[in-house]
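By convention here, the first residue in the shown sequence is residue 1.
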Amino acid sequence: MALVPYEEGGGWAARQLHSPWATFRFARRTIRLQQDWRRLGVAAVVWDAAVVLCAYLEMEGIDLKDRSVIELGAGTGLLGIVVTLLGAHVTITDRAAALEFLESNVQANLPPELRPRAVVKELTWGKDLDNFTPGAFDFILGADIVYLEETFAELLQTLEHLCSERTVILLSCRIRYERDLKFLKMLRERFSVSEVHYDSSKDVHIYKAQRGSCRDDF
């Protein structure tokens, strides 16, 4: 999630962030997520980058059926929920403090028959990697997870651990600061990176990264 200093009473965007609920329509379902800015801050509100990535995955018709997917820094769980509804087996991760909140949103928005496909699991970048099989995922997803420069090395270490030659990494983000560009430079030193989508209305970029040359197929 992105660290942005919104203040209550600061306009429509701030009111949306401080609202206790956020509602969306994806995969032919209404998704109603609890938000709790006061308790968990940036980890407990829905950011535009997550919405844009959900729309991209659905509108582009990317085949997620029975694919193995992991989401990093899941926050409210919107992206992981949508990917599960689109047919994937999803490991939805965040730090320990956010897990109870995340789990409640996931359980509330998935029908009982799909809940076994979504596993909520703790992952602190660079620290819990032994709990995850190297290269086990078809897709690695992240929405607005690039914001603290001190986490960049650990995030890259985590991506490298989770990634195989076949893995597609999709990172959705708004470029706010010079340090965001620095992360992209670091990412390009380890992966082949291309921009696959830009939402001008929300100023959100989606980057695709893979080991070796980026391929057009998913």
Side-chain angles (χ1 to χ4, degrees), residues 1-2 4 12-13 15-37 40 42-94 98-121 137-146 167-174 195-208 217-218:
M1 273 19 79
V4 183
W12 181 85
R15 290 196 297 274
Q16 288 295 108
L17 292 173
H18 289 282
S19 171
W21 297 97
T23 304
F24 304 90
R25 183 77 181 176
F26 287 111
R28 300 184 299 278
R29 285 184 174 271
T30 297
I31 300 168
R32 189 168 188 257
L33 299 170
Q34 185 180 2
Q35 300 192 125
D36 195 343
W37 174 278
L40 291 170
V42 295
V45 293
V46 179
W47 298 94
D48 284 343
V51 179
V52 171
L53 185 49
C54 288
Y56 173 79
L57 292 170
E58 187 170 27
M59 292 172 60
E60 293 295 318
I62 294 170
D63 183 13
L64 295 171
K65 186 172 177 57
D66 294 327
R67 298 292 190 95
S68 177
V69 178
I70 186 168
E71 182 188 1
L72 307 182
T76 61
L78 174 64
L79 180 56
I81 291 164
V82 171
V83 171
T84 305
L85 292 172
L86 292 175
H89 296 273
V90 190
T91 303
I92 307 173
T93 72
D94 211 318
L99 291 189
E100 182 181 356
F101 177 81
L102 172 59
E103 178 79 45
S104 67
N105 272 333
V106 170
Q107 293 299 314
N109 284 280
L110 289 178
E113 66 272 17
L114 291 185
R115 288 173 191 165
R117 287 177 167 260
V119 176
V120 174
K121 193 169 180 179
F137 298 97
D138 298 309
F139 288 87
I140 301 170
L141 306 179
D144 241 342
I145 61 175
V146 178
T167 305
V168 174
I169 301 167
L170 292 174
L171 299 178
S172 180
C173 57
R174 182 175 289 159
E195 183 173 339
V196 294
H197 182 70
Y198 175 65
D199 186 318
S200 58
S201 67
K202 297 185 183 300
D203 190 24
V204 169
H205 305 258
I206 298 177
Y207 296 96
K208 173 185 174 184
D217 64 294
F218 282 88

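Annotation for Ala27 and Glu58: closest pair N-OE2, 2.8 Å, computed over non-hydrogen atoms. What you find for Asp203 and Arg174 is that their closest heavy atoms are O-CG, 3.2 Å. Listed here is the closest heavy atom pair of Ser172 and Ala49: OG-O, 2.8 Å. Closest non-hydrogen pair, Asn105 versus Gln34, comes out as OD1-N, 2.9 Å. The two residues His197 and Val52 make their nearest non-hydrogen contact at CD2-CG1, 4.0 Å. Looking at every heavy atom in both residues, Leu110 comes nearest to Leu114 through CD1-O, 4.4 Å.
Sequence neighbours left out, the pairs with a member in residues 105-118 that pass salt bridge (charged side-chain N to carboxylate O under 4.0 Å, His left out) are Asp66-Arg117.
In the displayed structure, Arg25 atom CZ is contacted under 6.0 Å by more than 12 heavy atoms of other residues, nucleotides or ligands.
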Start with the C-alpha distance between Ile62 and Tyr56, add both sets of side-chain angles, then the distance that settles side-chain contact (heavy atoms from CB on, under 4.5 Å), and finish with yes or no.
CA-CA 8 Å; Ile62 294 170; Tyr56 173 79; 3.5 Å; yes

Residue pair Leu33, Phe24: steps toward the side-chain contact (heavy atoms from CB on, under 4.5 Å) verdict:
CA-CA 8 Å; Leu33 299 170; Phe24 304 90; 4.2 Å; yes

side-chain contact (heavy atoms from CB on, under 4.5 Å) between Phe26 and Val51, worked out
CA-CA 9 Å; Phe26 287 111; Val51 179; 4.1 Å; yes

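In this structure, Leu102 CG and Glu71 CD are separated by 8.0 Å, a value rounded to the nearest 0.5 Å. Taking CG of Leu72 as the start and OG1 of Thr93 as the end, the distance is 5.0 Å to the nearest 0.5 Å. Rounded to the nearest 0.5 Å, atoms CD (Gln35) and CZ (Phe101) are 7.0 Å apart. In this structure, the separation between CG on Leu99 and OG on Ser104 is 11.0 Å, given to the nearest 0.5 Å. If you take CG on Leu170 and CD1 on Ile206, they are separated by 7.0 Å, rounding to the nearest 0.5 Å. Here Lys208 contributes atom NZ and Phe139 contributes atom CZ; the two are 8.5 Å apart, rounded to the nearest 0.5 Å.
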Could you give the side-chain donor-acceptor pairs of residues 78-87 under 3.5 Å, partners two or more places apart or in another chain?
| residue | atom | partner | partner atom | Å |
| --- | --- | --- | --- | --- |
| Thr84 | OG1 | Gly80 | O | 2.8 |

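Between Ile70 and the choices Ile92, Thr91, Val90, Asp138, the side chain to side chain contact (heavy atoms under 4.5 Å, CB included) rule is met once, by Thr91.
Residues passing the salt bridge (charged side-chain N to carboxylate O under 4.0 Å, His left out) test with Asp199: none are found, sequence neighbours excluded.
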